2 protein chains.
Amino acid sequence: MTLDDSHDATEVQAPQQPRLGRKRDHSRDPEILEAALDVLAEEGYDGMTIDMVAARAKAGKATLYRRWPSKGELVVDAVACLKQVDLEHLPDTGTLRGDLVAMIKPRTLEDAERKVQIMGGLMSVLSRSPELADAISAAIIEPRAEVNRILLRRALDRGEISPEVDIDALALVSPSMASYRTLVLKQPVDREFLIGLIDGVILPAAGVRAPVEA
Amino acid sequence: MTLDDSHDATEVQAPQQPRLGRKRDHSRDPEILEAALDVLAEEGYDGMTIDMVAARAKAGKATLYRRWPSKGELVVDAVACLKQVDLEHLPDTGTLRGDLVAMIKPRTLEDAERKVQIMGGLMSVLSRSPELADAISAAIIEPRAEVNRILLRRALDRGEISPEVDIDALALVSPSMASYRTLVLKQPVDREFLIGLIDGVILPAAGVRAPVEA
DNA sequence: CAGATCCGAAACTGGTCAGTCTCGTATATA
DNA sequence: TATATACGAGACTGACCAGTTTCGGATCTG
């Protein structure tokens, strides 16, 4: 949304002639947005300053304001630009447990942790800014839930889990517990934790029979 | 901690002579701390100003600084003053489900919601202030987990759940999902949600047989 | 009533930060 | 080489806010 009518589409990928010179061109937008996300994850919304973002992107503060009218809109854009999980290429191993375990990849864990940190840094602003709340929801919250819904629905179609299971509710178990563990308990969401979550909570709640005795 | 060596113990409950005059006395500490918690829950740490707290407590800003050296310490004190759950008088109905359901009381839900809001408002500051992180942990996070651990341990002793269940992990399901629902999804943690959580997730994960067919 | 104490109100100080503006430079076109 | 554009750097402005100080009034003590 905030993205459509602004600049990204035209400028970010504008080919022009990328000269030999270092990195100027036009449109350093992606670097700036990435810098904003980094600062956001580390400092939170209120702790983030425009100077921090500019410095990290090695850009001038004025450059940021040439592209975004305010800090708030920059952040909304940055969040909206978070790369999405590819819902088309989810693991399909034939079992719910297989799919869930296949989702555990170092790359995915890092990505998820960063998003959770960003979400945490924006937590107290969510109530103040519906725009931002929508951006976060669309970029982080919904996709994560949707992945689980898809895997659970497949398991349901396969007859692996009972039709009485509340898929929508169950899809939120992993995002909830991972966020809480990262933001509140400050503990790592690693493979061990996730396997325990899958075998100890999600599969039993889904009514899958043997929680796998190794 | 930050409480012990300061003032509360002597001033908060100092009887003195509560004269007929309106409400002066000495030690409006409780009102001030309550005001701080209210503002905190509504605005978050960075959104909260000392003037807001003073205004809400109908006190002068100087009065706050006469008692606390900084905003940070005021907040730490306020959080530490949150009234604790009484771990001695938990429901004991004879079944895990009975105990968990008995924990659902309007009073408790309100109290929990406020604490979660406060936690959310402090989320982005947790990394910057270990003191505050400790206060939150001791006042909000640990007690909530401990309640569940106690109920689960009782169920274990009763033989109601299998010894293989990871009680510590399971005790975090409810706090995690309730926090996520409140702070991220902005949906109410009401009786319906909690019953669904108990019957759909916690009891199955605990290995309790019949999830109760009404 | 006289002195001491504590209060709330509000003025004040200093630092920080969002947002603006200027300027010297580097690039791109021609 | 000349012109135009967009950049990074950084000075600047104005608002806001933590923390301090002042002051007039109300209460308690004697």
Side-chain angles (χ1 to χ4, degrees), chain A residues 7 10-12 14-32 35-36 39-40 42-78 121 124-125 128-129 132, chain B residues 7 10-12 14-32 35-36 39-40 42-78 121 124-125 128-129 132:
Chain A
H7 32 72
T10 44
E11 299 190 337
V12 165
Q16 303 199 333
Q17 299 95 309
R19 272 118 331 106
L20 40 148
R22 231 118 312 156
K23 55 278 170 110
R24 323 211 172 290
D25 298 48
H26 190 333
S27 173
R28 306 261 320 280
D29 288 30
E31 285 101 319
I32 294 172
V39 177
L40 217 47
E42 290 166 21
E43 312 283 344
Y45 183 86
D46 293 295
M48 157 183 160
T49 70
I50 297 291
D51 292 87
M52 285 180 196
V53 177
R56 179 161 323 208
K58 289 202 250 293
K61 209 194 329 187
T63 303
L64 303 214
Y65 281 104
R66 268 177 218 122
R67 306 214 195 297
W68 294 275
S70 70
K71 174 180 173 180
E73 307 226 18
L74 167 62
V75 170
V76 169
D77 255 29
S124 44
V125 201
R128 288 182 247 163
S129 164
L132 190 48
Chain B
H7 32 75
T10 44
E11 299 190 339
V12 165
Q16 304 200 331
Q17 301 96 307
R19 253 111 7 91
L20 42 146
R22 231 119 314 157
K23 58 274 170 116
R24 320 213 173 286
D25 297 50
H26 190 332
S27 173
R28 307 259 320 279
D29 287 28
E31 283 101 321
I32 294 172
V39 177
L40 217 47
E42 289 167 21
E43 311 283 344
Y45 182 86
D46 293 295
M48 156 185 161
T49 70
I50 297 291
D51 292 85
M52 286 181 195
V53 177
R56 180 162 320 208
K58 289 203 251 294
K61 211 200 316 194
T63 303
L64 305 213
Y65 281 105
R66 269 177 216 121
R67 305 211 196 301
W68 294 276
S70 71
K71 173 181 174 180
E73 306 227 19
L74 167 62
V75 170
V76 169
D77 255 30
S124 44
V125 201
R128 289 182 246 162
S129 165
L132 190 49

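Per chain, numbering begins at 1; letters A, B, ... match sequence-line order. Here the structure is a predicted model, which is why all the values come from computation and not from measurement.
Between the side chain of A:Lys71 and the base of C:dG19, no donor-acceptor pair under 3.5 Å is found. Between the side chain of A:Lys61 and the base of C:dG19 there is at least one donor-acceptor pair of N/O atoms closer than 3.5 Å.
Listed by chain and number, the residues in a side chain to side chain donor-acceptor pair (under 3.5 Å) with A:Arg128 amount to none (sequence neighbours excluded). Contacts of A:Ser70 classified as side chain to side chain contact (heavy atoms under 4.5 Å, CB included), with partners at least two apart in sequence or in another chain: A:Glu73.
The stretch residues 44-55 of chain B has no heavy atom under 4.0 angstrom from DNA chain C at all.
The nearest pair of heavy atoms linking A:Ala78 to A:Ala36 is CB-CB, 4.1 Å. In terms of heavy-atom proximity, A:Arg28 sits nearest to A:Ala57 at NH2-O, 2.5 Å.
At the phosphate of D:dC7, OP1 or OP2 sits under 4.0 Å from a side-chain N or O atom of A:Arg67. Remark: B:Arg28 is not in phosphate contact with C:dC7, judged by side-chain N or O atoms under 4.0 Å from OP1 or OP2.
Distance CG (B:Leu64) to P (D:dA18): 11 Å, rounded to an integer number of Å. Rounded to an integer number of Å, the gap from CG of A:Leu74 to C1' of C:dG19 is 13 Å. For the pair A:Arg66 CZ and C:dG19 P, the interatomic distance rounds to 16 Å; values are reported in whole Å.
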Please table the atom pairs, donor to acceptor, closer than 3.5 Å between any side-chain atom in residues 45-56 of chain A and protein atoms at least two apart or in another chain.
unit_1: A:Thr49; atom_1: OG1; unit_2: A:Met52; atom_2: N; d: 3.1
unit_1: A:Arg56; atom_1: NH1; unit_2: A:Glu42; atom_2: OE2; d: 3.2
unit_1: A:Arg56; atom_1: NH2; unit_2: A:Glu42; atom_2: OE1; d: 3.0

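With distances taken from any side-chain atom of A:Tyr65 to the nucleotides C:dG8, D:dG19, C:dT20, the minimum falls on C:dT20.
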Problem set entry | Full working for side-chain contact (heavy atoms from CB on, under 4.5 Å) between A:Trp68 and A:Asp29 | CA-CA 10 Å; A:Trp68 294 275; A:Asp29 288 30; 4.0 Å; yes
